[in-house]
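Only one structure is covered here, and it is reproduced in the block below.
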Amino acid sequence: MKAIIQEIYGPASVLKLVEVKKPTPKDDEVLVHVKATSLNAPDWRLLRGKPMMLRLSSGIFRPKHIIKGTDVSGIVTEMGKGVTRFKVGDEVYGDLADAGFGAFADYVSVKETLLVHKPKRLSHLEAASLPLTSVTALQGVRDLGKLQKGERVLIVGASGGVGSYALQLAKYFGGYVTAVTGTKHVKQAKNLGADAVINYSVAPLDTLKAQFDLIIAINGYNSLSTYRKLLAPRGRFVMIGGKSIKQILQITAFGGMLSKKDGQSFKGLLSKPCVEDLAFIAVLMDEKRLVPVIEKEIQFHEIPIGLEELEKGHLGGKVVVWVNRDEQL
């Protein structure tokens, strides 16, 4: 089967399109014929193996898992012993981040407990845009953010993979949502339901006077002192990733200390794949409570170029990849 592999750390140019052996499902695993995947921040971070602490889990000198790819949408073609949740022909999707990755290939063998049925009304391409980013957004808004109906929510970085879903989920849970984004994505934020939109190139956050019950920050471009001023007494601040490793470490090391003042809470999200959350997202998609947000569709061999573009940032939605668009089982 075809696969894109990474044998050494480096830029996207180290990736190779090769033929590898098709996997065989073990006990409790299903073999998924991959129809589509999408690109995520962990994909480009793991390429370079930076910061170095990442290598403690990904491989000190060389990548432990040579086939990357977290999001998968496809069709079950074989089953190992003990599989009870699926049958051959079922359309499934899931997040492989805790299972050695593997979505950048024709086939991947996956524990059945990591997959759920694909949203019925979505194509495989649309479904592949969801697993990592939508579940991350859900855990940030609902679980760590504890959003309540009627609360004022500021979504900083309201475009892109996680941001576009955080905006929609904040509206679903009843928040009054102010979206912060760049000029290019103001219209998108309004279309996704934002009650107010701030163009950060016109109105920097440190000039705002409003206060918010919940701030979801999906980048590291603003100071924690700015966020503190914008946070209401007893308000919650949730940081979801971002490019600023310094700020991630600040929240990790000093979040408890920052949380003591005025009852404000400062936390960083470490999202985890969760099939229950993914099933919940599927229901919302089928009920048209959420919509997939796709910036760009690319072909399988274009994955290295797509990762370079993703690393540069400023995308409005997901970069999705057809792996096997027209092939039959």
Side-chain angles (χ1 to χ4, degrees), residues 12 38-45 129-130 132-134 136-138 140-141 145 147 152-172 175-212 214-231 237-248 250-251 268-269 271 290-298 305-320:
S38 69
L39 308 185
N40 292 287
D43 297 322
W44 63 259
R45 287 197 178 98
S129 74
L130 300 175
L132 189 148
T133 50
S134 67
T136 297
L138 177 64
V141 171
L147 176 59
R152 299 157 296 172
V153 188
L154 184 71
I155 308 288
V156 183
S159 57
V162 176
S164 59
Y165 294 122
L167 191 168
Q168 294 181 77
L169 287 163
K171 284 299 299 178
Y172 171 77
Y176 182 91
V177 179
T178 299
V180 180
T181 189
T183 304
K184 182 179 176 182
H185 303 118
V186 167
K187 183 178 179 180
Q188 173 182 288
K190 292 178 179 178
N191 290 341
L192 290 177
D195 298 289
V197 181
I198 295 173
N199 182 342
Y200 62 74
S201 61
V202 176
L205 286 190
D206 56 10
T207 65
L208 298 185
K209 303 300 181 183
Q211 287 193 318
F212 300 88
L214 173 62
I215 298 175
I216 303 288
I218 313 165
N219 61 50
Y221 300 122
N222 299 282
S223 69
L224 294 181
S225 61
T226 294
Y227 289 130
R228 181 187 286 284
K229 292 175 183 177
L230 294 172
L231 202 59
F237 172 83
V238 177
M239 187 180 66
I240 303 178
K243 286 191 173 184
S244 174
I245 298 300
K246 178 181 177 181
Q247 194 168 96
I248 292 173
Q250 281 181 314
I251 288 293
L269 175 68
S271 63
L290 300 179
V291 296
V293 181
I294 294 173
E295 169 87 3
K296 190 174 183 180
E297 173 185 333
I298 65 175
I305 298 172
L307 288 172
E308 289 179 342
E309 186 174 357
L310 184 65
E311 185 175 3
K312 293 176 183 176
H314 304 294
L315 296 178
K318 292 299 297 289
V319 177
V320 290

Determine whether a donor-acceptor pair (N or O, by modelled atom type, separation under 3.5 Å) exists between the side chain of Thr136 and the backbone of Leu132. yes

Any side-chain heavy atom of Val319 within less than 4.5 Å of one from Ile298? yes

Under a 4.5 Å cut-off applied to non-hydrogen side-chain atoms, are Ile198 and Leu208 in contact? yes

Mind checking the NZ-OH spacing from Lys318 to Tyr165? Nearest 0.5 Å is all I need. 6.5 Å

Ignoring hydrogens, what is the shortest heavy-atom contact between Ser159 and Thr181? Give both atom names and the distance. OG-OG1, 3.4 Å

Calculate, to the nearest 0.5 Å, the distance between atoms CD and CD belonging to Glu311 and Glu308 respectively. 8.0 Å

Straight-line distance of Arg45 CZ to Asn40 CG, nearest 0.5 Å: 10.5 Å

Compare all side-chain heavy atoms of Val156 with those of Ile216 and state whether any distance is below 4.5 angstrom. no

Where is the tightest heavy-atom contact between Gln211 and Arg152, given as atom of each residue plus distance? O-NH1, 3.3 Å

Closest non-hydrogen atoms of Val291 and Leu192, given as atom of the first, atom of the second and distance, are CG2-CD2, 3.8 Å

Looking only at atom types and distance, does a side-chain atom of His185 sit under 3.5 Å from a main-chain N or O of Gly316, one as donor and one as acceptor? yes

Can you confirm whether Thr183 sits close enough to Tyr200 that some side-chain heavy atom of one is under 4.5 Å from a side-chain heavy atom of the other? no

If every non-hydrogen atom of Ser225 is compared with every non-hydrogen atom of Ser223, which pair is closest and at what distance? OG-OG, 2.9 Å

Interatomic distance, Leu224 atom CG to Phe237 atom CZ [nearest 0.5 angstrom]: 6.0 Å

Asp195 (side chain) donor-acceptor with Val177 (main chain) under 3.5 angstrom: yes

Grab the two heavy atoms, one from Ile218 and one from Gly157, that are nearest each other, plus how far apart they are. CD1-O, 3.6 Å

Roughly how far apart are Ile240 CD1 and Leu269 CG, rounded to 0.5 Å? 5.5 Å

CD1/Ile305 to CG/Leu39 distance, rounded to the nearest 0.5 angstrom? 11.5 Å

For residues Ser38 and Ser129, is any side-chain donor paired with an opposing acceptor at under 3.5 Å? no

With side chain to side chain contact (heavy atoms under 4.5 Å, CB included) as the test, pick out the partner of Leu214 among Leu231, Ile155, Val153. Val153

Note: Ala179 and Leu167 closest approach over all heavy atoms is CB-CD1, 3.8 Å

Return yes if a side-chain donor-acceptor contact under 3.5 Å exists between Asp206 and Thr226, otherwise no. no

